[in-house]
Amino acid sequence: MSKHFFGDTTVLLGRSLRHISRSPDTIVTTAIMPIAMMLMFVYVFGGAIRTGSDSYVNYMLPGILLITVASGIAYTAYRLFMDMKGGIFERFQSMPTARSSVLWAHVLTSLVANLVSLVVVMLVALLMGFRSSAGLSAWLSVAGILILFTLALTWIAVIPGLTAKTMEGASAFSYPLIFLPFLSSAFVPTDTMPTVVRVFAENQPVTSIVNAVRALFAEQPVGNDIWIALAWCVGILVVAYVFAMNTYRRKIS
């Protein structure tokens, strides 16, 4: 790793964050869809869904948080695509900068932007009645899981951002990721689902992550869910990082 990596990444991160600050509608747009879903599920469908929980907003908030991240990373792919097409990458490569710092700046920008969107969604959830008796350690554990999840999906987003041929193609990959929580325990218990759907729902990453976050918020035993959730997040992060870096090296070679 170049000795200039951290300094170059910091400078380029500042550049990306300035772009975000000049277009705050990006964060607002990212938060609007999850908030709209939360309003619809709580006030329209919530009365008809039986989850065994006193508050449906408490039950479904973890899934909404994951949808917020899945929707936000589409902008990471879009920003990468625009920089690739605009020749920014080539310009930076002609300068004495660490090559990977350009990519890491985009990834860290995604992390910051998504964390802001998550805070906005959490504030709306509080207004809608979300309450948690969780202590500091539980909140820090939730934050850690969400950060890992965001980084994992962001590195996935890097791949289409580097390889897409069109702007639409760069962000379209996020649609299946946004849909995935609907095939999990995010909105209804998995034991209410048909057998085939239930088997899939109980063995995909979102369910373990949602169950772990829900248990932490409720100060309930998390059991194996937290370890399975962490294993999924770290596994996806490592695989996506390797593929993204290999793709990046081929692009700039």
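We find the CG-CD1 distance between L148 and I236 to be 10.5 Å, quoted to the nearest 0.5 Å. With values rounded to the nearest 0.5 angstrom, N114 atom CG is found 11.0 Å from I147 atom CD1. Here CE of M37 is found 5.0 Å from CD1 of I67. Values are rounded to the nearest 0.5 Å. One distance of note links CG of L123 with CG of L118; it measures 11.0 Å at 0.5 Å rounding. A distance of 11.0 Å separates CG in L39 from CD1 in I32, rounded to the nearest 0.5 Å. Between atom CZ of residue F149 and atom CG of residue L237 there is a gap of 12.0 Å, rounded to the nearest 0.5 Å.
Side-chain contact between L153 and I156: present, with at least one pair of heavy atoms (C-beta onward) separated by less than 4.5 Å. Taking 4.5 Å as the limit, some side-chain heavy atom of L61 sits within range of a side-chain heavy atom of M122. Residues I226 and I145 are in side-chain contact: their nearest non-hydrogen atoms beyond the backbone lie under 4.5 Å apart. Between H106 and V158, every side-chain heavy-atom pair lies at or beyond the 4.5 Å cut-off. Y56 is listed as a side-chain neighbour of F187, based on a closest heavy-atom distance under 4.5 Å. Considering only heavy atoms from C-beta on, T68 comes within 4.5 Å of I64 through its side chain.
Put simply, L111 and L140 are part of two different groups of oily side chains (I, L, V, M, F, W, Y) that touch within less than 4.5 Å, one to the next. Taking hydrophobic clusters as Ile, Leu, Val, Met, Phe, Trp and Tyr residues chained together by side-chain heavy-atom distances below 4.5 Å, V44 shares a cluster with Y59. Grouping the Ile, Leu, Val, Met, Phe, Trp and Tyr side chains by contacts below 4.5 angstrom, directly or via other members, places L115 with V119. Linking ILVMFWY residues whenever their side-chain heavy atoms come closer than 4.5 Å, directly or via other members, places V222 and W227 in the same cluster.
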Subject >> Stepwise side-chain contact (heavy atoms from CB on, under 4.5 Å) check, I35 with V120 >> reply: CA-CA 9 Å; I35 290 172; V120 172; 4.1 Å; yes

Original post:
Is there a side-chain contact (heavy atoms from CB on, under 4.5 Å) between S184 and T190 once you walk through the steps?
Top reply: CA-CA 7 Å; S184 73; T190 55; over 6 Å; no

**OP:** Give the C-alpha distance, both sets of side-chain angles, the deciding distance and a yes or no for side-chain contact (heavy atoms from CB on, under 4.5 Å) between W155 and L103.
**Re:** CA-CA 10 Å; W155 279 107; L103 212 55; 3.8 Å; yes

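Taking every heavy atom of both residues into account, P181 and A186 meet most closely at O-CB, 3.4 Å. When every heavy atom of P221 is checked against every heavy atom of A215, the shortest pair comes out as O-CB, 3.9 Å. Annotation for V121 and P34: closest pair CG2-CB, 4.3 Å, computed over non-hydrogen atoms. Looking at every heavy atom in both residues, V188 comes nearest to M193 through CG2-CE, 3.8 Å. Contact detail for C233 and A152: the closest heavy-atom pair is O-CB, 3.7 Å.
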Can you give each donor-acceptor pair under 3.5 Å made by side-chain atoms of residues 204-213, sequence neighbours left out, with the distance rounded to 0.1 Å?
from, atom 1, to, atom 2, distance (Å)
Q204, OE1, V206, N, 3.0
Q204, NE2, L180, O, 3.2
Q204, NE2, L183, O, 2.6
T207, OG1, S185, N, 3.4
T207, OG1, A201, O, 2.5
S208, OG, P205, O, 2.9
N211, OD1, S185, OG, 2.8
N211, OD1, R214, NH1, 3.4
N211, ND2, T207, O, 3.3

N/O donor to acceptor pairs below 3.5 angstrom from side-chain atoms of residues 127-134, sequence neighbours left out:
from, atom 1, to, atom 2, distance (Å)
R131, NH1, L126, O, 3.0
S132, OG, A134, N, 3.1
S132, OG, F217, O, 2.6
S133, OG, E219, OE1, 3.3

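Ring-plane geometry between Y78 and Y75 is classed as perpendicular, the angle between the planes exceeding 60 degrees on a 0 to 90 degree scale with a lower cut at 30.
The number of heavy-atom neighbours closer than 6.0 Å to CG of N224, taken from other residues, nucleotides and ligands shown, is 12 or below.
Hydrophobic side-chain contacts under 4.5 Å tie F243 into a cluster, directly or through other members, with I159, V239.
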